[in-house]
K.L.:
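My structure is below; once you've seen it, I'll send some questions.
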Amino acid sequence: MEKTLIVVVGPTGIGKSAISLKLAQYLNTDIISADSRQIYRELSIGTAVPPEKDLNTVTHHFIQTISVNDYYNASMFETDVLKKLEQLFPSKNPVILTGGSMFYVDAVCNGIDDFPTVDQEIRSQLIEEFAQNGLEAIRLQLKQLDPIYYGKVDLKNPKRILHALEICLMTGKPYSSLRSGTLKERPFRIVKIGLNMERENLYKRINERVLQMVAQGLFEEARSVYHLKHLNPLNTVGYKEIFAYFDGTITRDEAIEQIQNNSRKYARKQLTWFRRDPTINWFEPQQYNEIINFLHSSNIL
RNA sequence: GGUGCCAUAGCUCAGUUGGUAGAGCAAUGGACUGAAAAUCCAUGUGUCCUUGGUUCGAUCCCGAGUGGCACCA
């Protein structure tokens, strides 16, 4: 039978984990988490890592497997997941990939072009340069090294410019010449299930979930990683707001409110990304039976 | 009961020396090829509390009403 990856996506707090768990049990398979923050072992409450009993019921991959001190990115995730699928498919089929990190999901489904891994030395040099000389300076540099990409990038977005420069400097070639713009073929079928619900209900769920996290000890968890707040993995909703509270810039209540706000914004951003993907089959979280029927009718089960 | 202050966007408020208004937050849309829960871009919103008066014209000035807050009784 054809190997299939069932991809479950949707905004934060909609209930992807619960449905994936149920599906995985029904299909007797594993779950691959596509979550750029649940992958860090120092974080759990704020990233909504599934409870112990769920992790024991179904095997989850890429949850709390690396440290916030490690460098990690979407391309590494692509490689790691493809390798993992190779191991899993002989005995498990279909396999479920679930998570809200759009870019990570995309890396697995469509692939990312092959660039050298970013040299941290070069990155910090460029960041330093940007901090000292400003956006205009790095723009000019990009204009020289890669005029084609310069004409395409969002010139107001430092991260885009910085990354293009990193690749130019490392390879000695224009970044644009390494971008193929083509999607990679995968040796398995991909079926996408998107979860969504009425906006107002989603927001209510998100707001409540944040309160639950606080009750579970989110502030204590944030305290335990406060000394690492300069690391990128800690530039995360649920932590950065509490760090601001620890720093004394906002009150505790303001921190909680901002976590709720930023979580809602994140959900909106996720929906914006997923909306443009015409291959997603949309359902509401309570339509479990419809999802099963859909999988049957798609010849997956 | 008396006196004073306030009433403008979903919220907090600014403003119009009288020509029907604007910030922040919230909300909404979009971008995205190794930092992605990151980063970046864009977009509304209104009986200016009600009602008389003055005026060519009132959200703005005057009177009354209603509601809120404060102080005095």
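Order of the sequence lines sets the chain letters (A, B, ...), proteins ahead of strands, with each chain counted from 1. For clarity, every value in this text was computed on a predicted model and none was experimentally measured. What you see below is based on every heavy atom in this structure, not just the backbone, and it leaves out hydrogens, waters and symmetry mates.
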K.L.:
So if I take every side-chain heavy atom of Asn157(A) and compare against A26(B), U39(B), U33(B), which nucleotide ends up nearest?
P.N.:
U39(B)

K.L.:
Test Tyr266(A) against every option in Arg268(A), Arg264(A), Lys269(A) by the side-chain contact (heavy atoms from CB on, under 4.5 Å) rule and name the one that passes.
P.N.:
Lys269(A)

K.L.:
Looking at every strand, decide which applies to Gly46(A) at a 4.0 Å heavy-atom threshold: base, sugar-phosphate, or nothing.
P.N.:
base

K.L.:
Given G29(B), A35(B), U39(B), which nucleotide is nearest the side-chain atoms of Arg199(A)?
P.N.:
G29(B)

K.L.:
With both distances kept under 3.5 Å, what pairs with U50(B), Watson-Crick or G-U wobble?
P.N.:
A64(B)

K.L.:
Watson-Crick or G-U wobble partner for A42(B), using a 3.5 Å limit on both distances?
P.N.:
U28(B)

K.L.:
Taking O4'-C1'-N9-C4 for purines and O4'-C1'-N1-C2 for pyrimidines, is G34(B) syn (within 90° of 0) or anti?
P.N.:
syn

K.L.:
Reading RNA chain B from 5' onward, which residue's closest nucleotide shows up sooner: Asp154(A) or Asn73(A)?
P.N.:
Asn73(A)

K.L.:
Both distances below 3.5 Å, Watson-Crick or wobble geometry, any strand: find the nucleotide opposite A35(B).
P.N.:
none

K.L.:
Students often get this wrong, so: under 4.0 angstrom with heavy atoms, is Tyr239(A) touching a base, only sugar-phosphate, or nothing?
P.N.:
nothing

K.L.:
When rounded to the nearest Å, what value does the distance between C1' atoms of U20(B) and U16(B) take?
P.N.:
10 Å

K.L.:
Across the strands shown, which category fits Lys240(A) at heavy-atom distances under 4.0 angstrom: base, sugar-phosphate, nothing?
P.N.:
sugar-phosphate

K.L.:
Using atom P of each nucleotide, how far apart are U45(B) and G2(B) to the nearest Å?
P.N.:
42 Å

K.L.:
Would you name the heavy atoms of Leu195(A) and Gly15(A) that are closest together and state the gap between them?
P.N.:
CD2-O, 4.2 Å

K.L.:
Of the options U39(B), A31(B), G34(B), whose atoms approach the side-chain atoms of Asp114(A) most closely?
P.N.:
G34(B)

K.L.:
Any idea which of A27(B), G29(B), C40(B) is nearest the Arg275(A) side chain?
P.N.:
G29(B)

K.L.:
Atom CZ in Arg199(A), atom CD1 in Ile206(A): separation rounded to 0.5 Å?
P.N.:
9.5 Å

K.L.:
So what does Tyr40(A) touch, heavy atoms closer than 4.0 Å: a base, only the sugar-phosphate, or nothing?
P.N.:
nothing

K.L.:
Taking the same atom, P, in U47(B) and in G30(B), what whole-Å distance lies between them?
P.N.:
28 Å

K.L.:
Which part of the nucleic acid, if any, lies within reach of Leu183(A) when heavy atoms closer than 4.0 Å are counted: base, sugar-phosphate only, or nothing?
P.N.:
nothing

K.L.:
Could you verify whether a donor N or O on one side chain and an acceptor N or O on the other, from Arg209(A) and Thr12(A), lie under 3.5 Å apart?
P.N.:
yes

K.L.:
Counting side-chain heavy atoms from CB outward, which of A35(B), G34(B), U39(B) is closest to Arg123(A)?
P.N.:
A35(B)

K.L.:
What is the pairing partner of A23(B), taking Watson-Crick or G-U wobble pairs with both distances under 3.5 Å in any strand?
P.N.:
U12(B)

K.L.:
Say you pick atom C1' in U59(B) and the same atom in G18(B); how far apart are they, in whole Å?
P.N.:
10 Å

K.L.:
Between A31(B) and A36(B), how far apart are the two C1' atoms, rounded to whole Å?
P.N.:
13 Å

K.L.:
What is the distance, rounded to the nearest whole Å, between atom NE2 of His163(A) and atom C1' of C40(B)?
P.N.:
16 Å

K.L.:
Using a distance-only criterion (donor-acceptor N/O pair, under 3.5 Å, no hydrogens), is the base of U39(B) paired with the side chain of Lys269(A)?
P.N.:
yes

K.L.:
Determine the contact category for Asn235(A): base if any of its heavy atoms lies under 4.0 Å from a base atom, sugar-phosphate if only primed atoms, P, OP1 or OP2 are that close, otherwise nothing.
P.N.:
sugar-phosphate

K.L.:
Find the partner of U17(B): check Watson-Crick (N1-N3 plus N6-O4 or O6-N4) and G-U wobble (N1-O2, O6-N3) distances, both under 3.5 Å, and reply none if neither fits.
P.N.:
none

K.L.:
What's the closest nucleotide to the side chain of Trp273(A) if the choices are A27(B), U28(B), A36(B)?
P.N.:
A36(B)

K.L.:
Expressed as a whole number of Å, how far does the P atom of U17(B) sit from that of U3(B)?
P.N.:
31 Å

K.L.:
Classify the nucleic acid contact of Thr47(A) as base, sugar-phosphate or nothing, counting any heavy atom under 4.0 Å across all strands shown.
P.N.:
base

K.L.:
Does Tyr104(A) reach a base, just sugar-phosphate, or nothing at all? Heavy atoms under 4.0 Å.
P.N.:
sugar-phosphate

K.L.:
Looking across every strand, which nucleic acid part, if any, lies under 4.0 Å from Arg268(A) by heavy atom: base, sugar-phosphate, or nothing?
P.N.:
base

K.L.:
If only side-chain N and O atoms of Thr272(A) are considered, is one of them under 4.0 Å from the OP1 or OP2 phosphate oxygen of G29(B)?
P.N.:
no

K.L.:
Would you mind pulling out the nucleotide paired to A70(B), Watson-Crick or G-U wobble, both distances under 3.5 Å?
P.N.:
U3(B)

K.L.:
Taking NZ, NE, NH1 and NH2 as the nitrogens, is one of them in Lys84(A) or Asp30(A) under 4.0 Å from a carboxylate oxygen of the other?
P.N.:
no

K.L.:
Rounded to the nearest Å, what distance is computed from the CD atom of residue Glu200(A) to the P atom of nucleotide U28(B)?
P.N.:
11 Å

K.L.:
Using a cut-off of 4.0 Å on non-hydrogen atoms, how would the nucleic acid contact of Gly181(A) be classed: base, sugar-phosphate, or nothing?
P.N.:
base

K.L.:
Between OG1 of Thr57(A) and CG of Leu21(A), what distance do you get to the nearest 0.5 Å?
P.N.:
6.0 Å

K.L.:
Verify whether the ring centers belonging to Tyr175(A) and Phe115(A) lie closer than 6.0 Å.
P.N.:
yes

K.L.:
Which nucleotide in the list C41(B), C32(B), U33(B) gets nearest to the side chain of Phe103(A)?
P.N.:
U33(B)

K.L.:
Which value, in whole Å, describes the distance between the C1' atoms of nucleotides G67(B) and G22(B)?
P.N.:
26 Å

K.L.:
With a 3.5 angstrom cut-off on both distances, give the Watson-Crick or G-U wobble partner of A58(B), or none if there isn't one.
P.N.:
none

K.L.:
Look at all strands and tell whether Asn261(A) reaches a base, only sugar-phosphate, or nothing, counting heavy atoms closer than 4.0 Å.
P.N.:
sugar-phosphate

K.L.:
Say you pick atom P in A58(B) and the same atom in U66(B); how far apart are they, in whole Å?
P.N.:
25 Å

